[in-house]
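Since the structure comes first, as structure tokens, the remarks are kept for the end.
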Amino acid sequence: MRIATWNVNSLRSRIDRVEKFLERHDIDVLTLQETKAREDQLPLMGLQALGYDIAAAGTNQWNGVAVLSRVGIEDVQVGFEGMPGWGDPIADESRAIGATCGGVRVWSLYVPNGRKVDDPHYVYKLDWLAKLRAAARPWLGVDTALTGDWNIAPMDEDVFDMAAFAKSTHVTPPEREAFAAFLDDGYVDLVRPHAPGPEVFTYWDYYRQRYERNRGMRLDFVLGSPSLAARVTSAFIDRDERAGAGASDHAPVVVEIA
DNA sequence: ATGGTGGGGAACCCA
């Protein structure tokens, strides 16, 4: 089974690329972030024709998450217990959705951006991650994938130039500690060991031709419970998907599960 | 310090 995650930066504007990506890599489950589509604008007929069902959450214009699956979607849960804003579709249900696909519990996560370190959104981001950690701990005992855009670059090598982020979010010690806490609990990075450097980035800003100059960041991750990690046979970042006109600013990340 | 490029949706907000 192949599981992928992709911040598409608008599903409807990217639909042709999404369909080609699914076919090119024979993807069974694709989690999406920044779908930017209301539920009444989904599903999309082309995806159904390819055999994918969709579970989506989010109603506002800039977030939105979804799970596409051709191996079933069961026990869909919008948001996680304790999530700030849980039960408020406008506020934050657009940031997390979970479903069981082909026997694996898959979460599509869009971790809050944080904006600036002195912004209330930064505090909110850390709180959101703490609540996710608490919710995710019991899931370690079953096949679980925490996929998505974490909006954190966990290591210096995950940023093209640390000096450029001296006073920025995504690299601060509290954010990195929040990410590392999942690994401390037993979650495993399913991609990094199988796709070793130097091509580690998953995101390149649209500004200043950052992709063409390979000035990117690693923000998109698939973390797995130990039992799922034991089933991984390969993983890669589809960086070519970031090339050319009409690309998302994020590349998809793919994990093969035996 | 600022502004650069995209997407949504029709004026700004968000990344």
Side-chain angles (χ1 to χ4, degrees), chain A residues 5-21 30-44 46-47 56-66 84-85 88-97 108-126 128-129 147-154 158-172 175 178-179 201-221 239-253:
Chain A
T5 183
W6 190 6
N7 180 326
V8 280
N9 186 19
S10 169
L11 177 54
R12 287 173 300 150
S13 74
R14 215 74 61 207
I15 188 62
D16 290 347
R17 277 183 178 258
V18 169
E19 290 174 3
K20 288 186 178 117
F21 166 77
L30 172 61
T31 70
L32 298 165
Q33 300 84 39
E34 291 201 68
T35 50
K36 299 187 176 180
R38 297 187 310 269
E39 291 175 45
D40 62 277
Q41 295 170 318
L42 301 172
L44 297 163
L47 296 174
T59 56
N60 69 37
Q61 310 172 359
W62 51 87
N63 297 334
V65 288
D88 180 349
I90 302 299
D92 274 296
E93 286 195 348
S94 53
R95 294 195 178 276
I97 189 168
S108 180
L109 305 168
Y110 183 52
V111 174
N113 176 285
R115 301 190 185 182
K116 305 236 174 89
V117 291
D118 60 354
D119 191 296
H121 286 84
Y122 175 78
V123 178
Y124 170 71
K125 177 181 194 174
L126 296 176
W128 196 96
L129 286 161
T147 84
D149 178 357
W150 291 72
N151 271 314
I152 298 169
D158 299 331
V159 183
F160 68 87
D161 178 10
M162 277 298 292
F165 285 81
K167 294 177 180 173
S168 302
T169 59
H170 294 60
V171 300
T172 67
E175 290 168 285
F179 183 88
F201 301 148
T202 65
Y203 163 83
W204 299 259
D205 205 307
Y206 285 126
Y207 307 156
R208 304 185 178 205
Q209 298 184 302
R210 289 239 172 112
Y211 178 74
E212 290 74 9
R213 298 186 295 145
N214 196 27
R215 296 170 72 76
M217 305 175 77
R218 187 185 187 100
L219 303 179
D220 301 270
F221 294 88
R239 78 188 314 283
D240 292 345
E241 179 54 54
R242 178 62 180 81
S248 169
D249 45 357
H250 292 252
V253 178

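Just so it is clear, the model here is predicted, and its values are computed rather than measured. Chain letters run A, B, ... following the sequence lines, proteins first, then strands; residues in each count from 1.
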Review point. Contact class for A:Y110 (heavy atom, under 4.0 Å): base, sugar-phosphate, or nothing?
Key: sugar-phosphate
Practice item. Name the residue closer to the 5' end of DNA chain B, choosing between A:K167 and A:H250 according to the nucleotide with the nearest heavy atom. Key: A:K167
Check your understanding: In whole angstroms, how far is the C1' atom of B:dA15 from the CG atom of A:L219?
Key -> 11 Å
Review point. How far, in whole Å, is B:dA1 from B:dT5 if one measures between their P atoms?
Key: 22 Å
Check your understanding: Got A:P112 and A:H121 here, is their nearest side-chain heavy-atom distance under 4.5 Å?
Key -> no
Check your understanding: If you round to the nearest 0.5 Å, how far is CE of A:M217 from NE2 of A:H170?
Key -> 5.5 Å
Check your understanding: Please give, in whole Å, the distance from B:dC13 P to A:H121 NE2?
Key -> 13 Å
Review point. Roughly, in whole Å, what's the span from NZ in A:K125 to P in B:dA15?
Key: 10 Å
Practice item. For the pair A:E241 and A:S248, evaluate side chain to side chain donor-acceptor pair (under 3.5 Å) and give the outcome as yes or no after the intermediate values. Key: CA-CA 8 Å; A:E241 179 54 54; A:S248 169; over 6 Å; no
**Study point:** Nearest-Å distance once atom P is located in both B:dG6 and B:dT2
**Key:** 23 Å
Practice item. Apply salt bridge (charged side-chain N to carboxylate O under 4.0 Å, His left out) to A:D40 and A:R38, showing your working. Key: CA-CA 5 Å; A:D40 62 277; A:R38 297 187 310 269; 3.0 Å; yes
Exercise for review: Applying side chain to side chain contact (heavy atoms under 4.5 Å, CB included) between A:T5 and each of A:T202, A:L30, A:L32, A:T147, report the one that passes.
Suggested key: A:T147
Review point. Please give, in whole Å, the distance from B:dC14 P to A:D249 CG?
Key: 17 Å
Pairs: protein N or O with nucleotides 4-8 of chain B N or O, under 3.5 Å:
unit_1 : atom_1 : unit_2 : atom_2 : d
B:dG7  : OP1    : A:R14  : NH1    : 3.2
B:dG7  : O3'    : A:S10  : OG     : 3.1
B:dG8  : OP1    : A:S10  : OG     : 2.3

Review point. When the P atoms of B:dG9 and B:dG4 are considered, how many whole Å apart are they?
Key: 24 Å
Practice item. Using the side chain to side chain donor-acceptor pair (under 3.5 Å) rule, take A:K125 and A:N113 through it: C-alpha gap first, then chi angles, then the decisive distance, then the call. Key: CA-CA 7 Å; A:K125 177 181 194 174; A:N113 176 285; 5.9 Å; no
Review point. Quick one: A:K116 NZ to B:dC13 P, roughly how many Å, whole number?
Key: 14 Å
